[in-house]
Amino acid sequence: MPHADPQQSSPIQIDVAIVGAGFAGMYLIHRLRGHGFTVRAYEAGSDVGGTWFWNRYPGCRVDIISPEYSYEFSEELQQEWEWSERYATQPELLRYANHVADRFDLRRDIQFSTRVIGSTFDEGSARWAVTTDRGDEVSAQYLILATGLLSATNLPPIPGIDSFSGDIYHTGKWPQSPVDFTGKRVAVIGTGSSGCQAIPLIAEQAEQVTVFQRTANYLIPAHNKPLAPATSRAIKQNYKEFRAHNKTYPFAFFFEAIDKSALEVSAEEREQAYEEAWGRGGLMFLGTFNDLITSEEANLTAQEFFRNKLRAVVKDPLTAEQLMPDFNLGCKRLIVGTDYYETYNRANVSLVSIKDSGIDEIASGGIVVGAEQYDCDVIVLATGFDAITGPIMAIDITGRNGTAIRDKWKDGPSCYLGLMPEGFPNLFTITGPGSPSILSNVIKSIEQHVDFIADCISRVRENGDEVVEATAEAEAAWVSHVDEIATETVFKSCNSWYLGSNIPGKPRVFTGYVGWPEYAAELDDIVKDNYRGFRIGKAGA
Ligand code: NA7
């Protein structure tokens with residue numbers, strides 16, 4: 001199989017340059033090699049795994065059931081790998097990534113500890129000139145951004161942060177060796193999924209934990225448990241059907257909604273349905289009724305049930321009130337967690353609501369809110385990510401007519417199908433803005449995009465063409481279609497990283513496509529329609 005030769009003189013000539021060696025980059029290498037393309041991936045980390053390489057904070061787990069959150073491109077792989085728990089931990093997911101890299105001999109086409117810093121499209125040759133922070137110069141026909149949804153960490157610009165005398169860790173860039181909190185006073189800023197997963201475990205070790213919460217979120221119990229061998233065997237006997245079936249659901253994972261409105265049943269029936277969903281746990285809680293994401297009135301019934309659950313767990317009434325979210329359930333991604341609310345019943349854990357005040361500053365010895373300083377030895381920033389577009393905008397990418405992606409997207413990202421921004425020929429984004437990505441089992445979305453791209457560029461090559469690019473009309477129509485669908489849901493009714501509104505100054509644009517099966521059908525139609533919305537031709541034409 002042809003592969004890129006790193007000994008070649010500069011610039012290295014390859015068919016496809018890939019940015020990132022997480023789950024998307026890894027499958028790209030495998031799939032494109034299979035089509036005879038020369039590929040090379042550039043990865044900032046020192047090994048494979050992407051999100052699961054960097055997020056090593058205590059308690060880090062996936063929120064989709066493990067046998068679903070995995071590749072299906074190789075039957076042998078899915079038969080031989082054994083998941084040990086319902087929701088895999090980060091170490092297990094990283095072992096899986098390493099296993100895949102070894103099994104398919106992926107590392108020979110990955111350059112680690114290398115960050116792509118710039119890329120310019122040459123209109124004459126229709127090739128991308130790619131540069132890295134290690135001085136590499138690469139010429140590639142295609143540039144594929146497998147940069148991940150949650151890889152650019154959000155470091156909040158809190159005044160005085162550099163003057164803190166203790167250690168500061170961001171959950172998304174956690175040290176490779178475990179952090180010992182024994183005897184420490186720990187401040188945690190942020191109560192999204194990362195903070196809520198980490199806090200219970202940090203609290204077990206630390207002397208004291210103070211949690212700084214700007215927005216209370218909804219956490220649904222995971223009810224995590226070992227994956228029974230019989231369950232695993234049953235799935236493996238019919239893996240193909242299991243995968244196909246799960247992709248018929250709106251987010252491409254098993255999500256059986258009761259096909260009734262929350263408003264059409266009696267109060268008793270509703271309560272019972274919520275109890276059962278709570279007992280099952282996980283993201284599926286949002287599917288207890290078929291209109292929780294489309295009707296605010298229906299959503300209110302789920303909120304009320306949730307609040308009662310919370311009051312029953314958290315003993316201190318003021319803390320319980322502060323932990324109550326005040327927006328539609330599911331508007332921000334639900335958190336799937338274990339023992340989070342129970343942790344506030346511990347004597348060494350306290351909650352500081354900074355909803356109205358924010359944090360004034362970080363001093364050398366602690367965190368200052370109003371007139372009060374909360375002393376601490378360690379700060380954990382669980383402050384999330386500049387999602388989806390952050391890692392793309394961090395690269396100096398210049399397309400046709402010298403247009404920079406940073407300029408094109410300054411008022412919000414526009415991208416045809418979440419796969420290709422117009423004006424950037426031969427450049428693809430995996431799970432880019434406007435695709436189901438953030439609202440899906442992302443491994444299914446990755447495989448879908450990689451397969452689409454591999455088939456598309458093979459077709460370009462077979463026809464003797466050199467360029468594929470999105471048309472401006474197709475992109476504009478797609479962007480408004482994505483927004484139209486989102487407007488019919490509760491997803492735009494709060495501030496979330498789905499909308500970019502967690503990052504100061506970022507344009508507020510909904511970046512997900514609601515409805516995986518409809519999106520999949522659209523991609524199929526587009527291919528049948530001879531790549532409708534794309535222009536395919538010769539370089540320079
Ligand atoms: P999230 O979900 O974006 O959570 C970040 C948290 O940090 C959230 O509570 C934020 O409050 C808070 N935050 C961010 N900036 C600040 C400042 N400046 N001051 C105080 N608090 C702040 O990121 P996660 O890493 O937890 O999870 C990301 C996804 O990973 C998650 O949805 C799962 O899909 C897996 P805010 O809500 O913005 O008011």
Side-chain angles (χ1 to χ4, degrees), residues 22 50-52 54-64 69 87-90 93 148-161 168-174 187-199 210-220 222 251 253 282-283 286 322-323 325-327 330-337 340 351-362 367-369 374 379-388 390 431 436-443 445 491 494-506 508 511-512:
T51 292
W52 303 110
W54 295 106
N55 284 266
R56 295 170 189 242
Y57 62 84
C60 180
R61 281 178 195 278
V62 66
D63 60 6
I64 290 174
Y69 189 85
Y87 297 103
T89 59
Q90 174 272 333
L93 285 154
L149 307 176
L150 301 166
S151 54
T153 48
N154 170 33
L155 291 170
I158 302 173
I161 195 161
I168 302 187
Y169 303 101
H170 193 291
T171 47
K173 284 270 166 350
W174 202 258
V188 181
I189 304 176
T191 51
S193 192
S194 305
C196 294
Q197 287 186 334
I199 287 162
T210 311
V211 179
F212 294 84
Q213 172 190 271
R214 188 164 71 181
T215 310
N217 204 346
Y218 293 94
L219 183 137
I220 310 297
F251 309 120
F253 57 83
L283 296 174
L286 200 52
Q322 288 175 330
L323 287 166
D326 60 1
F327 55 90
C331 177
K332 286 174 189 273
R333 191 180 178 102
L334 290 180
I335 300 170
V336 179
Y340 176 66
L351 180 69
V352 178
S353 173
I354 51 166
K355 185 176 167 200
D356 302 317
S357 58
I359 290 170
D360 289 288
E361 64 166 317
I362 296 182
I367 293 181
V368 181
V369 178
Y374 297 85
I379 296 176
V380 173
L381 295 174
T383 44
F385 302 88
D386 183 352
I388 307 183
T431 61
S437 64
I438 56 174
L439 295 174
S440 71
N441 175 354
V442 76
I443 309 260
S445 291
F491 292 128
C494 69
N495 290 325
S496 70
W497 62 262
Y498 289 167
L499 281 154
S501 46
N502 60 326
I503 301 295
K506 193 168 174 178
R508 201 172 191 277
T511 40

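One-based numbering, in listed order, for ligands and for the atoms of each.
- Taking every non-hydrogen atom of W497 and a distance limit under 4.0 Å, the qualifying atoms of ligand 1 come out as 2 (O), 3 (O), 28 (C), 29 (C), 31 (C), 32 (O), 34 (O).
- Inter-residue side-chain proximity for Y340 and L323 is flagged as met; some heavy-atom pair is nearer than 4.5 Å.
- Backbone and side-chain nitrogen or oxygen atoms of T171 are examined, and none is located within less than 3.5 angstrom of a nitrogen or oxygen of ligand 1.
- With L381 as reference, I161 is the one residue of I161, T153, T171 to meet the side-chain contact (heavy atoms from CB on, under 4.5 Å) rule.
- With respect to atom 9 (O) of ligand 1, the closest heavy atom belonging to the protein is T191 N, 3.0 Å.
- Interface atoms of ligand 1 facing I354, defined by a heavy-atom separation under 4.0 Å, are 20 (C).
- R333 CD, 2.9 Å is the protein heavy atom nearest to atom 34 (O) of ligand 1.
- When S193, P504, G192 are ranked by how near their heavy atoms come to atom 31 (C) of ligand 1, first place goes to S193.
- At a threshold of 4.5 Å between non-hydrogen side-chain atoms, the residues I438 and R333 do not count as touching.
- Closest to atom 37 (O) of ligand 1 by heavy atom, among K332, K355, R214, is K332.
- Considering only non-hydrogen atoms, atom 21 (N) of ligand 1 lies nearest to I189 out of V188, N154, I189.
- Looking at heavy atoms from C-beta onward, C331 lies out of side-chain contact with Y498 at the 4.5 angstrom threshold.
- Contacts of A382 with ligand 1, taken as heavy-atom pairs under 4.0 Å, involve the backbone alone.
- Atom 25 (O) of ligand 1 has as its closest protein heavy atom S194 OG, 2.6 Å.
- In terms of N/O distances under 3.5 Å, ligand 1 is approached by T215.
- To the nearest 0.5 Å, atoms OG (S193) and NZ (K332) are separated by 12.0 Å.
- At a threshold of 4.5 Å between non-hydrogen side-chain atoms, the residues W497 and I503 do not count as touching.
- Close contacts of ligand 1 with F385, meaning ligand atoms under 4.0 Å from a residue heavy atom, involve 25 (O).
- Using a 30° and 60° split on the angle between ring planes, F327 and Y218 fall in the perpendicular class, above 60°.
- Contact annotation: the side chain of I388 approaches that of S437 to within less than 4.5 Å [non-hydrogen atoms, C-beta and beyond].
- The heavy atom nearest to atom 30 (O) of ligand 1, out of those in L381, L150, L149, is found in L150.
- Remark: ligand 1 atoms within the under-4.0 Å shell around heavy atoms of G190 are 6 (C), 7 (O), 9 (O), 12 (C).
- With values rounded to the nearest 0.5 angstrom, L155 atom CG is found 9.0 Å from I168 atom CD1.
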